[in-house]
S.K.: 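This is the structure I have questions about; it appears just below.
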Amino acid sequence: MKKILFHLQPSLCWMILGGTVFFLAKTLKDNWQQVIEIRMSEVGVFYLAIAFIVTIMAHLWSGGVWISHHKK
């Protein structure tokens, strides 16, 4: 089972990425008028920037943990 999963892992990663991009593109296509109507204050932009930085840090941390786990 591990050998099968090992060989499918690269394809599975690309399938998940492709599905995510497809979902985001379709959602944006269906709701683009509502998206362009969004107005944010300076405080809202600041909070959005902080949330973005925290999210990127969390992804980098989990990626580092994942890589170090799979090197063993």
Side-chain angles (χ1 to χ4, degrees):
M1 183 68 176
K2 283 189 176 185
K3 288 183 180 181
I4 294 172
L5 186 60
F6 179 76
H7 290 294
L8 290 177
Q9 191 173 7
S11 299
L12 187 60
C13 289
W14 284 109
M15 287 175 19
I16 291 171
L17 179 64
T20 303
V21 169
F22 175 77
F23 170 77
L24 291 173
K26 182 171 179 351
T27 302
L28 184 60
K29 181 184 88 57
D30 293 344
N31 299 301
W32 67 271
Q33 291 174 333
Q34 295 168 347
V35 171
I36 62 171
E37 290 178 8
I38 295 174
R39 300 290 178 244
M40 294 184 67
S41 66
E42 290 179 16
V43 174
V45 172
F46 175 73
Y47 288 151
L48 185 63
I50 296 296
F52 180 74
I53 291 168
V54 168
T55 301
I56 293 298
M57 289 172 52
H59 280 83
L60 290 172
W61 181 266
S62 65
V65 169
W66 185 83
I67 287 172
S68 67
H69 175 73
H70 286 290
K71 282 186 176 180
K72 293 180 182 179

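In this chain, numbering begins with 1 at the start of the sequence shown. The structure presented is a predicted model; accordingly, all values stated were derived computationally and were not measured. Values below: all heavy atoms of this structure, side chains included; hydrogens, waters and symmetry mates excluded.
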S.K.: W32: what forms a side chain to side chain donor-acceptor pair (under 3.5 Å) with it, not counting sequence neighbours?
M.R.: none
S.K.: Distance from T55 atom OG1 to I50 atom CD1, nearest 0.5 Å?
M.R.: 11.0 Å
S.K.: Who else is in the cluster with I38 when I, L, V, M, F, W and Y are joined by side-chain contacts under 4.5 Å?
M.R.: M40, V45, L48
S.K.: Taking side chain as C-beta onward, heavy atoms only, is L28 less than 4.5 Å from L24?
M.R.: no
S.K.: Show every salt bridge (Lys or Arg N to Asp or Glu O under 4.0 Å) that has at least one partner inside residues 7-29, sequence neighbours left out.
M.R.: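 Only K26-D30 qualify under salt bridge (Lys or Arg N to Asp or Glu O under 4.0 Å).
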S.K.: Any chance you could measure S62, atom OG, to I67, atom CD1, to the nearest 0.5 Å?
M.R.: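 Here the rounded value is 9.5 Å.
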S.K.: About how many Å separate CD of E37 and CG of N31, when rounded to the nearest 0.5 Å?
M.R.: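 Nearest 0.5 Å value for the CG-CD distance: 11.0 Å.
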